[in-house]
Amino acid sequence: MTRPGFAAGRAAYRLAGSLVRRVADWALPPRCPGCGEPVEADHRFCAGCWGQLRFLDDMGCASCGLPIVPEAGREARCATCFASPPVHAGIHAAVAYGPIARELPIRLKHGGRIGVAETMAGPMARRMPEGAELLVPVPLHRWRLWRRGFNQAVLIGASLSRRTGVPMLRDGLVRVRATPLLRGLSPRQRRAAMASAFRVPDPARVAGRRVVLVDDVYTTGATTGACVRALLAAGAASVAILCWARVVEGADD
Ligand SMILES: [Zn+2]
Ligand SMILES: [Zn+2]
């Protein structure tokens, strides 16, 4: 039961839907990005959600950013990073992943509330690594991009670029394969599955630059790890990771 024009019609319907959502995003009264309750201004959290967000600072491990003993100071590394230094130049997250932090990427990606990208970029801009020269968003596979209509990392990156003046190379990375199912795989198996999933189409534009990879949420690091390796292989001087939220042991309460 194939009908000519059905796919085109569906694409147009999706496009119209996303446009309506975008207009609605502007027309609706401001809502808390954590719980959806009305608030007084855009990009503000209600007091309840604000109190539940755990903002992160630079006092964690100098390599992976995870909290370590407070008196360890700046430049100190956790035992894991000390034993095997990571290939990236640091993970900088605005908040610890948790019930409220999780809502923002969900509203952005699945609710189409693209204004949430601005909300996330605010605290992320304050975590921009020193000496950053180029922002590269984690790319989506083209099928997912087609279904969603936008790449959340590009929206966040564009806002970060406006706020900090660090230029964004939108197509610095492309995804050549859809993400395989990683559940149940060991870290080594994940790395193998993700290797060659990303490609740098124009290495000359990243070569010698201090790159900041932009993503919404950092979980296992399998995706970002593959991106970091691809950028370093293309000649990037260093690659740090900047994200809205990351999983921090004991913070998801
Ligand atoms: Zn709220
Ligand atoms: Zn560490």
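Throughout, numbering of the chain's residues begins at 1 and tracks the sequence. First listed ligand is number 1; within each ligand, the first listed atom is number 1.
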Between SG of C35 and SG of C46, what angle is found at the Zn ion (ligand 1), rounded to 10 degrees?
-> 110°

Any ion pair linking E118 and R113 (charged N to carboxylate O, less than 4.0 Å)?
-> no

Which angle, to 10 degrees, forms at the Zn ion (ligand 1) with SG of C32 on one side and SG of C49 on the other?
-> 110°

Flag the pair Y97 / W244 as yes when their ring centroid distance falls below 6.0 Å, and as no otherwise.
-> no

For V87 and L232, which heavy atoms make the closest approach, and how far apart are they?
-> O-CD1, 3.6 Å

At the Zn ion (ligand 2), what's the angle from C78 SG to C64 SG, rounded to 10 degrees?
-> 110°

Would you call D57 and R127 a salt bridge, using N to O less than 4.0 angstrom?
-> no

